[in-house]
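Throughout, residue positions are numbered sequentially from 1 according to the sequence presented.
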Amino acid sequence: MSTTLTERYGSWRERNPLRRWRLLTFTPMQSVAVVLGVSLTTIKNWEGGSTTPSDETLVRLAELTGDVGLLAEWAQWASEALVSEADKS
């Protein structure tokens with residue numbers, strides 16, 4: 001059985017490193033936004049893949065989450081989005 005684009009996006013979105021950490025720690029988006037000094041919309045955009053945090057912010061996210069592998073995880077997650085975009089054409 002093949003998956004739809006919507007299912008693939010949902011699965012990809014669920015693997016977002018920030019989103020996974022937030023859900024595991026019961027941390028609201030708003031709390032992350034306040035700590036990082038960004039808007040709630042920015043957090044939503046990062047988790048949805050429409051924008052990406054700067055390298056400096058990724059370092060701050062790694063410190064916040066205690067995940068030293070966050071930068072590599074984020075790069076892997078973002079590269080999966082590029083593959084998905086290529087599949088559309």
Closest non-hydrogen atoms of Glu14 and Arg20, given as atom of the first, atom of the second and distance, are O-CG, 3.2 Å
Which atom pair, heavy atoms only, marks the closest approach of Asn16 to Glu47? ND2-CA, 3.5 Å
Quick one: closest heavy-atom pair of Leu58 and Leu71, and the distance? O-CD1, 3.9 Å
Side-chain heavy-atom pair Pro53, Leu61 within 4.5 angstrom cut-off: yes
Report yes if the side chains of Trp46 and Thr41 come closer than 4.5 Å at any heavy-atom pair, otherwise no. no
Roughly how far, to the nearest 0.5 Å, is CE of Met29 from OG of Ser39? 11.0 Å
Separation between OG1 of Thr57 and CH2 of Trp74, rounded to the nearest 0.5 Å: 10.0 Å
How about Leu64 and Trp21: do any of their side-chain heavy atoms sit closer than 4.5 Å? yes
Donor-acceptor pair, distance only, cut-off 3.5 Å: does the side chain of Arg22 make one with the backbone of Thr27? yes
Nearest heavy-atom contact between Val35 and Arg60 is O-NH2, 3.5 Å
Closest heavy-atom pair and its distance - Thr42, Thr51: O-OG1, 4.4 Å
Of all heavy-atom pairs between Trp77 and Gly48, which one has the smallest distance, and what is that distance? CH2-C, 4.4 Å
Could you state whether Val38 and Val59 fall into the same hydrophobic cluster, counting links through intermediate Ile, Leu, Val, Met, Phe, Trp or Tyr residues with side-chain heavy atoms under 4.5 angstrom apart? yes
From Leu70 CG over to Leu18 CG, what is the distance, rounded to the nearest 0.5 angstrom? 7.5 Å
